[in-house]
Amino acid sequence: MAADRRIVIENCAIATVDAHDTEHASGHVVIAGNRVESVGAGSAPGNLENVARRIDATGHLVTPGLVNTHHHFYQWITRGLATDHNLFDWLVALYPTWARIDEPMVRAAAQGSLAMMARGGVTTAMDHHYVFPHGSGDLSGAIIGAARDMGVRFTLARGSMDRSEKDGGLPPDFAVETLEGALTATEETVRQHHDASFDAMTQVAVAPCSPFSVSTQLLRQGAELARSLGVRLHTHGSETVEEEKFCHELFGMGPTDYFESTGWLGEDVWMAHCVHMNDSDIEAFARTRTGVAHCPSSNARLAAGIARVPDMLAAGVPVGLGVDGTASNESGELHTELRNALLINRLGAHREAALNARQALRLGTHGGARVLGRAAEIGSLEPGKLADLVLWKMDTLAHASIADPVTALVFGAAAPVTASFVNGRQIVEDGRLLTADEDAIARATRAEAQRLARIAAQG
């Protein structure tokens, strides 16, 4: 939409998730081009020019778009496998299959992952892709292309692995890259695809997979590469007790101390999971402003444990929400993570005081934007920010009897998405994608899942 054309949304409840948690029981949002022009109580100003569209959003809650901070798109075509395993056993069971993916598989899986998130209110997605079998094609390009076609704002965390079974790691020997190959390919991906502009639709991060699948050299040199290129860093950290044991046995220290020794703590870093963190670990993350992608459903699916999210937030650690790969969270939806984050954290030490509805919504919006380094651009509804927002329908049977719409959104069933806007462009209407054929994607993902299963069986 042209910069001088406006969309006016009125008569809706609004949760801005700004610094003051400003809310309006009945208010308006005006979009001008790809920016939020105004947000406020009551009707929009009556003298607006070039209004291309007016939306009567009676019965809706408008929030910033959801921001996903951790995912593995390729896993969409290996859902429902190894369902009763812990993390290490799960990885050992699935790596031989994952090591046989190729470009058509990855493209279809990315489309499936993105479609499921987008139709459920995600406006900014990320993918941590770290499996690059030899001769598999342009996997990064396929993922980025799928996000571009879907119309979702996107960060590709270009992952890598160079520690295979022969080196004491978990991946098969044929599933990893060399140190030099991984660094070179990662740099090429950043230089080709990363956009540092305010309204960027595609960004790239440097993302060696995990302490138990990459060498110390790859971690250290990966951090140096990211900082020389001016991009962010991402990896898995402190996910399970097995990982902690692995780090102590191999490096003589726990995961957080190991990460700090390799340059992997800092305000340009975020890590997935961070379940097994002691007070010293949390203090180190807070001191360095290292971010956390909290993945409650995946942590429960793999019996990893309950992350100390309330303690992290109290210490000032940036925390967002992540779907994680759909081989460990088969639903693939971020809006269900709002509820799961709240409920699972209430099973921990803080009980009913762990999280409330508005803290959960903040994790999924502004918290995620902060973790991705984009809090100045997205994550709250404020004039001048990018027009990434969602209209949740709250007047149906599922939610109509809950007086507070934010409570309804977080505590209630998954709310229908009437409209979702990214960069001022509508990509969802009445729960269906406007930018892709969901049925065609479903057929393609099923076909590619079956093809991968056949190839893996022949292994």
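For the single chain, residues carry numbers from 1 onward in sequence order. These numbers were taken from a predicted model, which means no experiment stands behind them.
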Are [X] and [Y] close enough for a salt bridge, meaning some N to O gap below 4.0 Å?
X	Y	answer
Arg374	Glu377	yes
Glu242	Lys245	no
Arg220	Glu224	no

Pair up each side-chain donor or acceptor in residues 76-84 with any protein partner under 3.5 Å, not counting sequence neighbours, and list the distances.
from  : atom 1 : to     : atom 2 : distance (Å)
Thr78 : OG1    : Gln75  : O      : 3.3
Thr78 : OG1    : Trp98  : NE1    : 3.0
Arg79 : NH1    : Glu330 : O      : 2.7

Indicate yes or no for a side-chain donor-acceptor contact from [X] to the backbone of [Y] under 3.5 Å, with no hydrogens or angles considered.
X	Y	answer
Arg301	Ala327	yes
Thr235	Ala207	no
Arg100	Pro96	yes
Gln203	Thr155	no
Thr22	Asp18	no
Arg308	Cys274	no
Gln426	Ala419	no
Ser113	Ala109	yes
Asn329	Thr326	no
His273	Pro296	no

About how many Å separate [atom2] of [Y] and [atom1] of [X], when rounded to the nearest 0.5 Å?
X	Y	atom1	atom2	value
Phe285	Ile282	CZ	CD1	9.5 Å
Leu66	His335	CG	NE2	8.5 Å
Ser210	Phe246	OG	CZ	8.0 Å
Asp102	Glu448	CG	CD	6.5 Å
Asp281	Glu260	CG	CD	10.0 Å
Met116	Ile441	CE	CD1	11.5 Å

Exercise for the section: Could you list the residues that satisfy side chain to side chain donor-acceptor pair (under 3.5 Å) with Glu177, not counting sequence neighbours? Expected result: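 Glu177: side chain to side chain donor-acceptor pair (under 3.5 Å) contacts with Arg158.
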Practice task
For Asp388, check salt bridge (Lys or Arg N to Asp or Glu O under 4.0 Å) against everything at least two apart and list the hits.
Solution key: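 Here the qualifying residues are Arg153.
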Handout entry: Glu382/Lys385 under salt bridge (charged side-chain N to carboxylate O under 4.0 Å, His left out): CA gap, chis, key distance, verdict
Key = CA-CA 6 Å; Glu382 302 178 69; Lys385 283 199 167 186; 3.6 Å; yes
Would a 4.5 Å heavy-atom cut-off, applied to side chains only, mark [X] and [Y] as touching?
X	Y	value
Leu265	Thr256	yes
Val317	Thr290	no
Leu363	Leu355	yes
Thr16	Ser380	no
Val39	Ile14	yes

Exercise for the section: Describe, in one word, how the ring planes of His236 and His70 are oriented to each other, choosing from parallel (under 30°), tilted (30 to 60°) and perpendicular (over 60°). Expected result: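 His236 and His70: perpendicular rings.
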Exercise for the section: Please lay out, stage by stage, how Thr407 and Leu409 fare under the test side chain to side chain contact (heavy atoms under 4.5 Å, CB included). Expected result: CA-CA 5 Å; Thr407 295; Leu409 178 68; over 6 Å; no
Practice task
Quick one: do His71 and His128 satisfy ring-ring contact (aromatic ring centres under 6.0 Å, His included)? Show the steps, please.
Solution key: CA-CA 6 Å; His71 210 314; His128 185 192; over 10 Å; no
Verify the distance criterion only: is there a donor paired with an acceptor across the side chains of [X] and [Y] at less than 3.5 Å?
X	Y	value
Asn345	His294	yes
Ser136	Glu103	no
Trp392	Thr63	yes

Practice task
Could you name each residue pair satisfying salt bridge (charged side-chain N to carboxylate O under 4.0 Å, His left out) that touches residues 354-365, not counting sequence neighbours?
Solution key: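 Counting only pairs at least two positions apart or across chains, the salt bridge (charged side-chain N to carboxylate O under 4.0 Å, His left out) contacts touching residues 354-365 are Asp21-Arg362, Glu23-Arg358, Arg358-Asp404.
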Problem - Test side chain to side chain contact (heavy atoms under 4.5 Å, CB included) applied to Val176 - qualifying residues, sequence neighbours left out - result: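 So Val176 forms a side chain to side chain contact (heavy atoms under 4.5 Å, CB included) with Met161, Ser164, Pro171.
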Using every non-hydrogen atom in the two residues, find where [X] and [Y] come nearest and quote the distance to one decimal.
X	Y	answer
His248	Gly254	CE1-N, 3.4 Å
Gly263	Ala223	O-CB, 4.0 Å
Tyr95	Ser213	OH-CB, 4.4 Å
Trp264	Met271	O-CE, 3.0 Å
Gly322	Thr69	N-OG1, 3.9 Å
Gly424	Ile31	CA-CG2, 4.1 Å

Handout entry: Over 12 foreign heavy atoms within 6.0 Å of CZ, Arg287
Key =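 Atom CZ in Arg287 is crowded, with more than 12 foreign heavy atoms closer than 6.0 Å.
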Practice task
Check whether more than 12 heavy atoms from other residues, nucleotides or ligands sit under 6.0 Å from atom CD of Glu267, and answer yes or no.
Solution key: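 No.
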Practice task
Kindly state whether the ring of Phe88 and the ring of His85 have centres lying under 6.0 angstrom apart.
Solution key: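 Ring centroids of Phe88 and His85 are no less than 6.0 Å from each other.
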Practice task
Evaluate the criterion side chain to side chain contact (heavy atoms under 4.5 Å, CB included) for residue pair Phe132 and Ser140; output intermediate values, then yes/no.
Solution key: CA-CA 9 Å; Phe132 292 89; Ser140 295; 3.7 Å; yes
Problem - CA sep, side-chain torsions, deciding dist, call: Thr202, Asp195, side-chain hydrogen bond (donor to acceptor under 3.5 Å, both in side chains) - result: CA-CA 6 Å; Thr202 303; Asp195 181 358; over 6 Å; no
Practice task
Kindly determine whether Leu183 and Leu218 satisfy side chain to side chain contact (heavy atoms under 4.5 Å, CB included), including the steps that lead there.
Solution key: CA-CA 8 Å; Leu183 292 170; Leu218 181 52; 3.8 Å; yes
Listing, residues 118-127 side-chain donor-acceptor contacts under 3.5 Å, not counting sequence neighbours, or none:
from   : atom 1 : to     : atom 2 : distance (Å)
Arg119 : NE     : Glu438 : OE1    : 3.2
Asp127 : OD1    : Phe73  : N      : 2.7

Practice task
Using the side-chain hydrogen bond (donor to acceptor under 3.5 Å, both in side chains) rule, pick out the option among His234, Arg227, Arg232, Arg289 that qualifies with Asp268.
Solution key: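 Between Asp268 and the candidates, side-chain hydrogen bond (donor to acceptor under 3.5 Å, both in side chains) is satisfied uniquely by Arg227.
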Practice task
Kindly determine whether Val390 and Val62 satisfy side chain to side chain contact (heavy atoms under 4.5 Å, CB included), including the steps that lead there.
Solution key: CA-CA 6 Å; Val390 180; Val62 177; over 6 Å; no
